[in-house]
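Before any comments, here is the structure.
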2 protein chains.
Amino acid sequence: MKATFSPPEPELMTQADVRTRLLTAAEKLFAQHGPAATSIRDLAREAQVNVAAINYYFGSKENLYLETLRQAFRASREVMPRFDALAQEAQATGTVEAAHTALRLYIEEFMKSLFVSDESDRHMRLMAREMSDPTPALDAVIDEFIEPKSNILKQLVAQARPDLDPETEVPFYALSIVGQCLHYRLTQPVILRLMKREKMTSEMLDQISVHIAAFSLAALSR
Amino acid sequence: MKATFSPPEPELMTQADVRTRLLTAAEKLFAQHGPAATSIRDLAREAQVNVAAINYYFGSKENLYLETLRQAFRASREVMPRFDALAQEAQATGTVEAAHTALRLYIEEFMKSLFVSDESDRHMRLMAREMSDPTPALDAVIDEFIEPKSNILKQLVAQARPDLDPETEVPFYALSIVGQCLHYRLTQPVILRLMKREKMTSEMLDQISVHIAAFSLAALSR
DNA sequence: AATCAATTTAAACACTTGTTTCAATCACTT
DNA sequence: AAGTGATTGAAACAAGTGTTTAAATTGATT
């Protein structure tokens with residue numbers, strides 16, 4: 001007679017220890033090596049947990065990955081209010097100059113969030129990986145993270161250039177700004193080699209942010 | 001009594017059939033799914049070849065990947081003269097306006113080379129993959145492809161803005177331009193979803209090229 | 001203290017991976 | 001036509017994958 005086990009309801013979080021240890025390990029390893037290159041035995045070792053625990057608590061490795069992503073951008077969204085406040089303040093002031101300062105800050109904050117190496121670094125790595133090498137989890141990442149952040153940027157661009165069509169023109173300007181920033185994260189190994197540097201320093205980061213802001217604002221001014 | 005087989009000298013290309021069929025299949029599959037997600041059995045099926053042939057002709061899967069990359073950017077470099085001619089013509093004319101037109105063409109050509117879906121598309125995919133997810137083969141890709149192409153772009157930027165320091169300022173401008181272009185290739189799935197499109201059309205490509213050129217040239221003009 | 005479900009465990013499962021083996025076959029020279 | 005070395009082929013290999021099993025253990029409730 002086979003006993004059928006029903007996994008616990010995630011929201012109850014009973015015996016959260018193993019579950020959260022697993023999520024922590026997953027965030028670390030998935031961010032470091034990607035989901036394909038991370039085996040459930042690696043995960044189990046890192047979390048100091050039996051291999052079966054992964055399927056017991058999450059049903060499958062893929063589901064654990066999804067859950068990890070969910071947790072990652074749930075945490076990342078808590079940084080969003082800062083960006084949101086930025087945009088709302090600029091909108092309240094209403095001037096083109098206010099939009100410019102907000103864009104400068106937006107770029108600086110965005111670049112920082114891409115590189116500051118701690119928890120948010122792992123989150124960014126996870127999402128960057130999804131973008132260039134998508135899994136079925138990509139849709140969630142777009143809806144809950146990229147789209148809202150992109151909307152803030154579009155709003156700032158629209159305020160800086162009220163003459164642009166919000167539907168057809170503004171999006172391209174927003175992509176140009178994000179593209180410059182992401183480039184340094186997505187092709188970091190190449191850029192470091194071209195610049196003959198070992199690693200990204202905070203001085204370089206400042207320099208880069210200032211350049212991207214100057215470049216983009218120059219492009220935005222008529 | 002084991003017979004020891006010595007693989008044929010690559011430069012002799014004796015019985016090139018199997019070897020080249022394998023390279024062709026590898027180029028296709030590695031570009032499509034990446035080296036990690038492509039098994040040697042997938043490769044053997046695609047090339048209509050026995051699995052053992054891979055190790056017989058290339059020693060290992062990793063070596064086949066390296067050889068494929070080598071072949072890819074050897075072929076890609078043959079497109080370089082076009083870019084080179086672009087830069088030399090601009091330099092010959094010498095005016096800022098000439099640099100602007102050359103930059104416009106450069107961006108257009110570069111975007112095309114990133115997306116036109118044929119042989120060069122696979123080469124670009126292979127190299128883009130190396131950039132965001134490097135293997136030991138990255139160094140060769142940088143030296144033989146990225147660096148020279150980047151130098152042409154820097155030269156055009158320097159001609160358009162003679163006041164900029166070639167060592168400290170020009171590189172950032174070049175990266176801003178390349179970054180905008182690559183963004184559309186590296187995060188293509190995300191961008192298509194944000195734009196609510198199924199696939200990249202040549203009309204979109206033109207539109208994008210025109211925008212990036214306008215944006216960048218506006219940023220470059222004082 | 002006994003009961004009973006929730007959890008943990010080691011082992012096995014079925015499958016895929018890259019690589020190797022070795023006999024069969026092929027192309028070519030003597 | 002026989003002999004020889006290069007190539008091919010089917011099968012086996014060892015190691016690794018995600019998942020499932022069923023017995024052992026735990027922890028709380030009756």
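Quick note: numbers below take in every heavy atom, side chains included, and nothing from hydrogens, waters or symmetry partners. Sequence lines set the chain letters: A, B, ... in the order given, protein chains first and strands last, and positions in each chain run from 1.
Atom CZ of Phe58(A) is separated from atom C1' of dT7(C) by 15 Å (rounded to the nearest Å). Between the OH atom of Tyr65(A) and the P atom of dG18(D) there is a distance of 14 Å, given to the nearest Å. Distance, Arg21(A) CZ to dT8(C) P: 8 Å, rounded to whole Å. Protein atom CZ of Arg19(A) is 15 Å distant from nucleotide atom C1' of dA6(C), rounded to whole Å. When rounded to the nearest whole Å, the span between CD1 of Ile54(B) and P of dT21(C) equals 17 Å. The nearest whole Å value for the distance from the CG atom in Asn50(B) to the C1' atom in dC22(C) is 13 Å. Spacing between atom CD1 of Ile40(A) and atom P of dG16(D) amounts to 14 Å, rounded to whole angstrom units. Rounded to an integer number of Å, the gap from Asp17(B) CG to dA6(D) C1' is 15 Å.
Counting non-hydrogen atoms under 4.0 angstrom, Ala53(B) reaches nothing in the nucleic acid.
A salt bridge is absent between Lys28(A) and Asp42(A); no separation between the charged side-chain nitrogens and carboxylate oxygens falls under 4.0 Å. Using a cutoff of 4.0 Å between basic side-chain nitrogens and carboxylate oxygens, Lys112(A) and Glu108(A) are scored as salt-bridged.
In summary, the side chains of Tyr65(A) and Glu130(A) do present a donor paired with an acceptor at a separation below 3.5 Å, with no hydrogens or angles considered. Judged purely by distance below 3.5 Å, without hydrogens or angles, the side chains of His123(B) and Glu27(B) pair a donor atom with an acceptor atom.
Put simply, the side chain of Arg41(A) and the base of dG16(D) share no donor and acceptor less than 3.5 Å apart.
Put simply, Asn55(B) has no side-chain N or O that comes within less than 4.0 Å of OP1 or OP2 on dG18(C). A close approach under 4.0 Å does not occur between any side-chain nitrogen or oxygen of Ser39(B) and OP1 or OP2 of dT16(C). At the phosphate of dA6(C), neither OP1 nor OP2 sits under 4.0 Å from any side-chain N or O atom of Tyr56(A).
The nucleotide whose nearest atom lies closest to any side-chain atom of Tyr57(A) is, among dA10(C), dT21(C), dT7(C), dT7(C). Among the nucleotides dT19(D), dT8(D), dT8(C), the one closest to any side-chain atom of Lys61(A) is dT19(D).
To the nearest 0.5 Å, atom CZ of residue Arg70(B) and atom CD of residue Glu144(B) are 8.5 Å apart.
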